[in-house]
Amino acid sequence: MMVERAMAAEAALGTPEGPDHLVLSEVGMTFGTLDVIPSLSLSVRRGEMVAFLGPSGCGKTTTLRMIAGLLDPTRGRISVGGRDITHLPVHDRDMGMVFQSYALFPHMTVAQNVAFGLEMRRMAKVEIRARVERALAMVQLGHLAGRKPKALSGGQQQRVALARALVVEPSILLLDEPLSNLDAKLRDEMRVQIRSLQQQSGITAVFVTHDQVEALSMCDRIVVMRGGHVEQYGTPNEIYERPATPFVASFVGRTNRLSGRVDPSGRLLIEGRPVAAEGRLPEGAVEVLVRPHRMSLRAASEEPPAGLNSLPGVLTGATFVGDLIQATVRIGAGEITVEQLTRRRSGLPEPGSAVTVAWEAGDTMVYPEGRA
Amino acid sequence: MQIHKTSKPMGILVAVLFLYLLAPVILVFPISLSGDSVLRFPPTSWSLRWYEALFENRAMLGAFWTSLSLAAIVTVLSLVIAVPAAWVMVRMEFRGRDLLFNLFTAPLLLPTIVLGLAILIVFASFGLLATMQGLILAHLVITLPYALRILAVSLATQNMACEEAAKTLGAKPLTVFFRVTLPMLTPGIVAAAALCFLVSFDEVVITLFLTGPRISTLPVELYNYVYNTADPLVAAASVLLILLTLGVILVVERAMGLGRAFVK
Ligand SMILES: Nc1ncnc2c1ncn2[C@@H]1O[C@H](COP(=O)(O)OP(=O)(O)OP(=O)(O)O)[C@@H](O)[C@H]1O
Ligand SMILES: [Mg+2]
């Protein structure tokens, strides 16, 4: 639910359609004998914010560090604005990076931290002071300019780190799980703030996260990564509505799994019953995925709704969570979850009773069996 | 840390232990103020005569200045060598790094008498016996492992992301080192400096092999003095040494708090 709301808000803003800015071609990274990134290619458009989303250890940080120049890729090419930067030293890359630990300089004040990058660019003192002031005002920290990082809260440190990275107007902003050390409320605030700063400045940004809500709500496009390769690259809506693989479907949002079979005439059967789906179907054994909240539930005695897919099952349990009822239903040998908005008058059938589960053809996602 | 209420017997035990450890140090203070001509406790009369005698003893004063300048030079050299060495061993990746580190810090485990003999044999052939250069080199052998170990631990626990952040902000390697790594290393440097200074100032065993009538350090001079004479002058000297040590520790404490400097 939260995921869909976040996406709707995002879709309204539209995505930048600029030319490719950051391009990775067949980049690979091997640590000793460990092939962490076999071969990875992707491009990020100018002004776009792209999320690297994936489970722990899938190589998000490694990829980000190769872009920053903190790691030397074993193979492949990285370019920015058409210029090959694969072997350019970090300090010449002109990239802003926000670290998970913030990495503020503990021996410098907030203002000195923010000024550091400008000093490296040999800017005049007056100019530096003016820019630092502006950058701190942008993150609402002007009043803390003289403090040491230790005397700041996590959220404030986070904003200093952001100001420090943005003040030099880097060509690309890299963020490695910048929100993971904040509490839930602050995380929501910072999400909005980071996104609006990024859009105001029109900077190209790469955002590493393993939180799907962050990726879906903040970013123009999402790279879903797994085991060092790109599983799917697309807009939040594409990733969510048309996941390329069952992995993507279950990693982004929740999903039910049913086994089925597509017969030679192209008909999809689950538990021997015909089920409608859109698009071309792979022949043979298939996995059928349907999101819990796209399914509805009614007593078996009721007439199944016309025009929808429906399967009979047995209600095995139901949890009332206020807005929602989460019901578990046994279908054949498997068990699925159905989420339904609560309505005042219609209660659920008794657990143990026969029910019908229904959903739209368009919500049926079909994948060949065994593709994981 | 949690502070528990200690039981009474426990408290007494701790007090006795402390007394046992500190008794010699505490006893030195009254003895140094003795008016007697022999070392005895308790003194039968009181005076400052042994402090006066100490400040009139030219050999003792000369040895004090030798020790002071020796410790200062050794401390500075130890840091100048150990800071870059520790950096290389913690921050660079190369084969045999652990072996090298263990090798450099190994003298800590060697009996000093063995070290002293070895140094004597080597230095004799280079004409370094009873010279300031010889003393400096010998003391470095002892202080460097300490400095290296303290600095390496400090560096290893330092947040590397800060250095990386500096790089991404456009700082070249040397700038990163001087503007980020070094300032963040300050507690480790102060601790290493204090330790090197005290170790050098206090060193007897190896120094004994290398000193002679031409040059001598305060601890060696005191040792020789006690060997021949047993009067309260050494007590007066000990009091001054204790105060100097306390002074150094106080400086460290002021700079960062002892716990942070030595424990971390
Ligand atoms: N310096 C290194 N030497 C050896 N292996 C490494 C090194 N750095 C990372 N790895 C390995 O590479 C893999 C990917 O690591 P990476 O840090 O990129 O994952 P990640 O996607 O950022 O995960 P997380 O979400 O936990 O941060 C992991 O299996 C990790 O153990
Ligand atoms: Mg990571």
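Reminder, nothing fancy here: chain letters follow the sequence lines and each chain counts from 1. Because only heavy atoms are used, hydrogens play no part in the values below, and waters and symmetry mates are left out as well, while side chains stay in.
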- Would you check if the side chain of A:His107 reaches a backbone N or O of B:Leu185 as a donor-acceptor pair within less than 3.5 Å? no
- Item | More than 12 heavy atoms of other groups within 6.0 Å of B:Phe94 CZ | yes
- Query: Are more than 12 heavy atoms from other residues, nucleotides or ligands located less than 6.0 Å from atom CZ of A:Arg129?
  - Reply: no
- Euclidean distance, B:Thr168 OG1 relative to A:Arg164 CZ, rounded to 0.5 Å: 7.0 Å
- Message: Does anything in residues 55-80 of chain A reach chain B? List residues with heavy atoms under 4.5 Å apart, or say none.
- Response: A:Arg65, A:Leu70
- Sort by residue number and list every member of residues 87-104 of chain A having a non-hydrogen atom under 4.5 Å from chain B. A:Val90, A:His91, A:Met95, A:Met97, A:Phe99, A:Ser101, A:Ala103, A:Leu104
